[in-house]
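It should be emphasised that the depicted structure is a prediction, and the values quoted were computed from it without experimental measurement.
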Amino acid sequence: ERKAYERQLEHIAHYDSLTGLPNRTLLSDRMHQAMSLARRHGQPLAVAYLDLDGFKTVNDVHGHEMGDKLLVALARRMRQALREVDTLARLGGDEFVAVLANVPDRHAIELAARKIIEDCDEPIIVDGAECRVGFSMGIAVYPDDGTTIEQLVNSADGAMYSVKRHSKNGFAFAD
């Protein structure tokens, strides 16, 4: 019983209770590991900051329970759009971060971003209601846009807000 309880506490400390995705704590650890590998192999690493477009409307019209179910369904879709070596974390609310490891170049990062957006663009049926939301995504590349976790997340966040202001449901690289 004690071991099971310890495992449960460990899970609570590192994973989001709603989606089961890594939380900020585990994201930080995974980013440190990915940055070390990227540095060692001389490959770029991409950090994508994602924010849902239209999520507030879903909560306002259909309620928070449906919003939570939508987040769970979208988290599953995003996870499936990524590779096994990538990390997807939920920061809270409708904000997510994806860490794309072992990417050979910017073109591969663009393809991954397009895949996430396209896979999540399809409507999701939640409790019989069709929900459709988009993503605004900002992408920062290590080491060009930052050499620390904070710098990379801030750069990706800034690029995401640029997308939100100008077009929504798309992505932009930090500049």
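Between the side chain of Q151 and the backbone N or O of T148 there is at least one donor-acceptor pair closer than 3.5 Å. Remark: side-chain polar atoms of D121 are not paired, donor with acceptor, to backbone N or O of I117 under 3.5 angstrom. For the pair D86 (side chain) and L82 (backbone), a donor-acceptor distance under 3.5 Å is absent. Checked by atom type and distance alone, the side chain of H62 never pairs as donor or acceptor with a backbone atom of V58 at under 3.5 Å. Side chain of R83 to backbone of A101: a donor-acceptor contact under 3.5 angstrom is found.
Residue L27 is not grouped with residue V85 when hydrophobic side chains (ILVMFWY) are merged at heavy-atom distances under 4.5 angstrom, including chains of intermediate members. M160 and I139 fall into different hydrophobic clusters, where Ile, Leu, Val, Met, Phe, Trp and Tyr are joined by side-chain heavy atoms under 4.5 Å apart, directly or via other members. Grouping the Ile, Leu, Val, Met, Phe, Trp and Tyr side chains by contacts below 4.5 angstrom, directly or via other members, places Y161 with V153. In the hydrophobic clustering of ILVMFWY residues, with side-chain heavy atoms under 4.5 Å counting as a link, L21 and I124 come out together.
You'll find the side chain of L88 stays beyond 4.5 Å of the side chain of T19, heavy atoms only. Under the 4.5 Å side-chain criterion, counting only non-hydrogen atoms from C-beta, K168 is not in contact with V163. Annotation: side chain of P22 is in contact with side chain of T87 (closest heavy-atom distance under 4.5 Å). No side-chain heavy atom of R90 sits less than 4.5 Å from a side-chain heavy atom of N23. Within the 4.5 Å cutoff, the side chain of L52 has heavy atoms near those of the F135 side chain. Using a 4.5 Å heavy-atom threshold, the side chains of I109 and F171 count as separate. D53 places none of its side-chain heavy atoms less than 4.5 Å from the side chain of V133. I149 is not listed as a side-chain neighbour of L152, based on a closest heavy-atom distance of 4.5 Å or more.
Here CG of L45 is found 9.5 Å from CG of L37. Values are rounded to the nearest 0.5 Å. Between the CZ atom in R76 and the SG atom in C120 there is a gap of 11.5 Å [rounded to 0.5 Å]. Going from atom OG1 of T147 over to atom CZ of R39 covers 8.5 Å, rounded to the nearest 0.5 Å. Here the OG atom belonging to S155 is positioned 13.5 Å from the OH atom belonging to Y142, to the nearest 0.5 angstrom. In this structure, the separation between CE on M137 and OH on Y49 is 13.0 Å, given to the nearest 0.5 Å. Summarising the geometry, atom CE belonging to M35 is positioned 16.0 Å from atom CZ belonging to R30; distances are rounded to the nearest 0.5 Å.
Partners of F173 according to the ring-ring contact (aromatic ring centres under 6.0 Å, His included) rule, which considers only residues two or more places apart in sequence or in another chain, do not exist here.
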Apply side chain to side chain contact (heavy atoms under 4.5 Å, CB included) to the pair F96 and L71, showing each step before the final yes or no.
-> CA-CA 10 Å; F96 298 85; L71 287 173; 4.1 Å; yes
Tell me, with the steps shown, if M66 and N59 meet side chain to side chain contact (heavy atoms under 4.5 Å, CB included).
-> CA-CA 7 Å; M66 182 175 277; N59 274 337; over 6 Å; no
Show the numbers, then the answer: is there a side chain to side chain donor-acceptor pair (under 3.5 Å) between D51 and S136?
-> CA-CA 5 Å; D51 185 78; S136 291; 5.9 Å; no
Could you walk me through whether M31 and V47 pass the side chain to side chain contact (heavy atoms under 4.5 Å, CB included) test, one step at a time?
-> CA-CA 9 Å; M31 284 185 72; V47 175; 3.6 Å; yes
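Minimum heavy-atom separation, C131 to L70: CB-CD1, 3.9 Å. For V99 against A34, the heavy-atom pair with the smallest separation is CG1-CB, 4.1 Å. Looking at every heavy atom in both residues, Q43 comes nearest to N102 through OE1-CA, 3.5 Å. Of all heavy-atom pairs between E122 and R132, the closest is CA-NH2, 4.2 Å. The shortest heavy-atom contact between A172 and A159 is O-CB, 3.6 Å. In terms of heavy atoms, N169 sits closest to G134 at OD1-CA, 3.2 Å.
Atom CD of E6 has more than 12 neighbouring heavy atoms from other residues, nucleotides or ligands inside a 6.0 Å radius. Residue Q33 places its CD atom among more than 12 non-hydrogen atoms of other residues, nucleotides or ligands, all under 6.0 Å distant. For D60, the CG atom sits in a packed shell: over 12 heavy atoms of surrounding residues, nucleotides or ligands are nearer than 6.0 Å. For R24, the CZ atom sits in a loose shell: 12 or fewer heavy atoms of surrounding residues, nucleotides or ligands are nearer than 6.0 Å.
Of the candidates I116, V97, L74, I116 is the only one forming a side chain to side chain contact (heavy atoms under 4.5 Å, CB included) with L50.
The residues E110 and R106 are annotated as not salt-bridged, no charged nitrogen and carboxylate oxygen being separated by less than 4.0 angstrom.
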